[in-house]
Enquirer: 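A single structure is presented below for examination.
Whatever order the structure lists ligands and atoms in, that order sets their numbers, starting from 1. These values consider heavy atoms only, across backbone and side chains, with no hydrogens, waters or symmetry-generated copies.
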Amino acid sequence: MPNIFTHEFNTPTYKGKVSFNTGLFINGEFVDGSDGTTIDVINPTDGKVITSISEGTPKDVDLAVDAAEKAFETTWGLNYPGNKRGILLNKLASLMEEHIDELGALEALDNGARLSTSRVGADVIGAIDCIRYFAGLADKISGRVIETTEERFTYTRHEPIGVIGQIIPWNFPLVMFAWKIAPAFATGNTVVLKPSEFTPLTAIRMCHLAKEAGFPPGVLNVVTGYGNTVGSAISSHMRILKVAFTGSTVVGRKIMEAAAKSNLKNVTLELGGKSPNIIFNDANLEEAVNWSMFGVFFNQGQCCIAGSRIFVQEGIYDEFLKRFTEKSRSIKIGDPFAPDTFQGPQISKIQYDRIMGYIDSGKKDGAKIHIGGERHGSEGYFIQPTIFLDTKPDMRIVKEEIFGPVSIVIKFKDEEDVVRQANDTVYGLAAAVFTKDVNRAITTAHKLKAGSVWVNCYSIMSPNVPFGGFKQSGVGREMGEYALNHYTEVKAVHVNLGMKMM
Ligand code: NAD
Ligand code: MN
């Protein structure tokens, strides 16, 4: 029986009703999973069940791949011109704009992100901007003519790959959905996507909007379910020719292994980080404090780019710490729908326990809790903004990604000292430098091993700017024209204009 999710929002920031089918979306239809089982969707603010969705199985992944292959060969792919693909993507973006409050509220309910983030901040608007950007690129995919000799005509085509598997996390569900589908569709591929089992609602709602926008059946398929069943079926599927993944390094490794063991599909990975945020003596202190707070605590610390290692130069260390402490103490924690909330709940009980486990390990290893370190309130998965001091480089809280509201503040001497410490990590996703000295800003930015470096700001992104990681933070780049390379195969065509074979 198809499940219809119905919910009446009556919150300080949004009042309205939503109602939609929460089945798998395969070949343009909403269907039950082949085993008929379901997954409960949880509201992290109170730990209660919101609704249930269909649980997909490897068999459903096969059905989705059948539909995606057929669409690729018949209605989509090279049969559907780029300008028209762009029009469809723009239609989808317009429908999202029409439903912006609803999408934001759904995300706040399912993910716990404050409504102001999910609606106007990173999530819904970020997703719309991304889809519009790639809509504009859809008719600008072209190869080159390469001069060889006058007897030959040689050119390249950038062809779509075919069926793409996409596996996304729960921290920014809609943005992650957009970053994945938009470049895939702009280049003419078809998609089988699995959202996180913790935040499936907006991805399912997007299927309704994609259908309304007029995407042909089979172009977008969403199979909700668990990682070790649906996710693993996608990454090891013989007819999926590329997989794009965002999530943990542990699972990223499994995806690459599954690709290697099956059909050697192309793999792009966006994994975690332990990003350094460096504050020099001459920084604008107030700005540095504000951006640092945002950099580490935004979205409950559940950001792959979180500036979780804050390095502060000796001369301003005491004053920075004093102001950073005040700023962190002033964070308003609570109901994601309340207008003044900055920090909502962590996504799940599992993540809550994992973060508290890291806090315990920091204490046991001898680091000092400066503020926080405890649960906030008595229901839901809230954790106080936490600052650790007196850490050592080999502690787990210094080396590993915590993905929660936990920062460590470390004193440093000079540029050489801080660059060495900043790069002493297996990750390389992001970094930031605060200084008024333009030469120091640029030379330090160039020495940091990271895919994004911010100077005098943090977490700023744009759909036309590439994003991705050095080292174990990932493989490939998303967004910008760079993303298109990962969604096309380059074909070289050699035409004989007059050469004779002896
Ligand atoms: P995860 O890596 O387990 O989940 C991400 C996605 O992968 C989900 O859709 C999940 O269902 C799927 N998945 C899980 N196992 C799989 C498998 N064997 N094969 C294919 N797909 C699989 O992340 P998580 O457990 O939800 O979070 C754990 C940690 O991951 C966090 O604490 C954080 O450090 C990191 N994380 C990073 C990001 C990021 O943006 N880079 C996002 C979420 C989580
Ligand atoms: Mn949820």
Enquirer: How far is atom 43 (C) of ligand 1 from its nearest protein heavy atom, and which residue and atom is that?
Expert: Pro169 CB, 3.4 Å
Enquirer: When you look at Lys180 and Glu478, which way does the salt bridge (Lys or Arg N to Asp or Glu O under 4.0 Å) test go after all the steps?
Expert: CA-CA 8 Å; Lys180 295 287 182 284; Glu478 300 190 283; 2.7 Å; yes
Enquirer: Whether Lys349 and Asp353 form a salt bridge (side-chain N of Lys/Arg under 4.0 Å from carboxylate O of Asp/Glu) is what I want to check.
Expert: yes
Enquirer: Any atoms of ligand 1 less than 4.0 Å from a non-hydrogen atom of Ile168? List them with their elements.
Expert: 6 (C), 8 (C), 9 (O)
Enquirer: Quick one: does ligand 1 sit under 4.0 Å from the side chain of Thr249, the backbone, both or neither, non-hydrogen atoms only?
Expert: neither
Enquirer: Going by the atom numbers of ligand 1, which of them fall below 4.0 Å from some non-hydrogen atom of Glu270?
Expert: 41 (N)
Enquirer: Should one rank Ser236, Ser348, Gly231 by closest heavy-atom distance to atom 20 (C) of ligand 1, which comes out on top?
Expert: Gly231
Enquirer: Report, in ascending order of atom number, the atoms of ligand 1 lying under 4.0 Å from any heavy atom of Asn171.
Expert: 40 (O), 42 (C)
Enquirer: Identify the closest protein heavy atom to atom 44 (C) of ligand 1: which residue and atom is it, and at what distance?
Expert: Phe403 CE2, 3.6 Å
Enquirer: Compare Gly225, Ala258, Ser248 and give the one whose heavy atom is closest to atom 2 (O) of ligand 1.
Expert: Ser248
Enquirer: Stepwise, does the side chain to side chain contact (heavy atoms under 4.5 Å, CB included) test hold for Thr386 with Ile359?
Expert: CA-CA 9 Å; Thr386 300; Ile359 291 173; 4.1 Å; yes
Enquirer: Can you tell me if Gly112 has an N, O or S atom under 2.8 Å away from the Mn ion (ligand 2)?
Expert: no
Enquirer: Considering only non-hydrogen protein atoms, determine which one is nearest to atom 25 (O) of ligand 1 and report residue, atom name and distance to 0.1 Å.
Expert: Arg354 NH1, 4.1 Å
Enquirer: Check each heavy atom of Phe172 against ligand 1 and say whether those closer than 4.0 Å belong to the side chain, the backbone, both or neither.
Expert: neither
Enquirer: Within 2.8 Å of the Mn ion (ligand 2), is there any N, O or S atom belonging to Ile42?
Expert: yes
Enquirer: Which protein non-hydrogen atom lies closest to atom 34 (O) of ligand 1, naming both residue and atom, and how far is it?
Expert: Glu401 OE1, 2.7 Å
Enquirer: Which option wins on minimum heavy-atom distance to atom 3 (O) of ligand 1: Asn228, Val251, Val230?
Expert: Val251
Enquirer: As a test of understanding, state which of Glu400, Gln472, Glu401, Lys399 forms a side-chain contact (heavy atoms from CB on, under 4.5 Å) with Val426.
Expert: Gln472
Enquirer: Parallel, tilted or perpendicular for Phe324 and Phe297, by the 30°/60° rule?
Expert: parallel
Enquirer: Atoms of ligand 1 less than 4.0 Å from Leu271 heavy atoms?
Expert: 41 (N)
Enquirer: Here's one to test your reading of the geometry: is the NZ or CZ of Lys471 within 45 degrees of the ring axis of Tyr427 and under 6.0 Å from its centre?
Expert: no
Enquirer: Could you check whether Arg205 pairs with Glu102 (Lys NZ or Arg NE/NH1/NH2 to Asp/Glu carboxylate O, under 4.0 Å)?
Expert: yes
Enquirer: Using the rule side-chain contact (heavy atoms from CB on, under 4.5 Å), only one of Ile131, Thr199, Ile168 pairs with Phe177; which is it?
Expert: Ile168
Enquirer: Got the closest protein heavy atom to atom 24 (P) of ligand 1, with its distance?
Expert: Trp170 NE1, 3.6 Å
Enquirer: So, are Arg253 and Glu257 salt-bridged, with charged N and O less than 4.0 Å apart?
Expert: no
Enquirer: With a distance cut-off below 6.0 Å to the six-membered ring centre and an angular limit of 45° from the axis, does Arg375 pair with Tyr381 as a cation-pi contact?
Expert: no
Enquirer: When you measure from atom 39 (C) of ligand 1 to each heavy atom in Gly404, Ala306, Pro173, Cys304, which option holds the nearest one?
Expert: Cys304
Enquirer: So which protein heavy atom does atom 18 (N) of ligand 1 come closest to, and at what separation?
Expert: Lys254 CD, 3.7 Å
Enquirer: Quick check on contacts: which atoms of ligand 1 are under 4.0 angstrom from a heavy atom of Phe245?
Expert: 2 (O), 5 (C), 6 (C), 7 (O)
Enquirer: Are Glu97 and Arg132 close enough, and set up right, to give a salt bridge (Lys or Arg N to Asp or Glu O under 4.0 Å), and what steps lead you there?
Expert: CA-CA 11 Å; Glu97 267 156 5; Arg132 287 212 188 282; 2.9 Å; yes
Enquirer: Atom 12 (C) of ligand 1: which protein heavy atom is closest, and how many Å away?
Expert: Ile167 CG2, 3.7 Å
Enquirer: Quick one about Asp35 and Thr57 (side-chain donor to acceptor, distance below 3.5 Å, no hydrogens or angles considered), yes or no?
Expert: no
Enquirer: Give a yes/no verdict on whether any heavy atom in Gln351 is under 4.0 Å from an atom of ligand 1.
Expert: yes
Enquirer: With a 4.0 Å cut-off, would you call Glu29 and Lys211 a salt bridge?
Expert: yes
Enquirer: Considering only heavy atoms of Ser196, which atoms of ligand 1 have at least one such atom less than 4.0 Å away?
Expert: 9 (O)
Enquirer: Just by distance, do the side chain of Lys274 and the backbone of Ile397 share a donor-acceptor pair under 3.5 Å?
Expert: yes
Enquirer: Quick one: look at Glu197 and ligand 1, take heavy-atom pairs under 4.0 Å, and tell me if it's side chain, backbone, both or neither.
Expert: side chain
Enquirer: Looking at Arg239 and Glu69, is there a salt bridge between them, counting it only when a charged N and a carboxylate O are closer than 4.0 Å?
Expert: yes
Enquirer: Under 4.0 Å from any heavy atom of Ser232, which atoms of ligand 1 are there?
Expert: 19 (N), 20 (C)
Enquirer: Look at atom 22 (C) of ligand 1 and find which of Gly227, Cys303, Gly252, Gly165 reaches it with the closest heavy atom.
Expert: Gly227
Enquirer: Quick check for you: with the Mn ion (ligand 2) as the vertex, what angle do O of Phe198 and O of Asp110 span, to 10°?
Expert: 110°
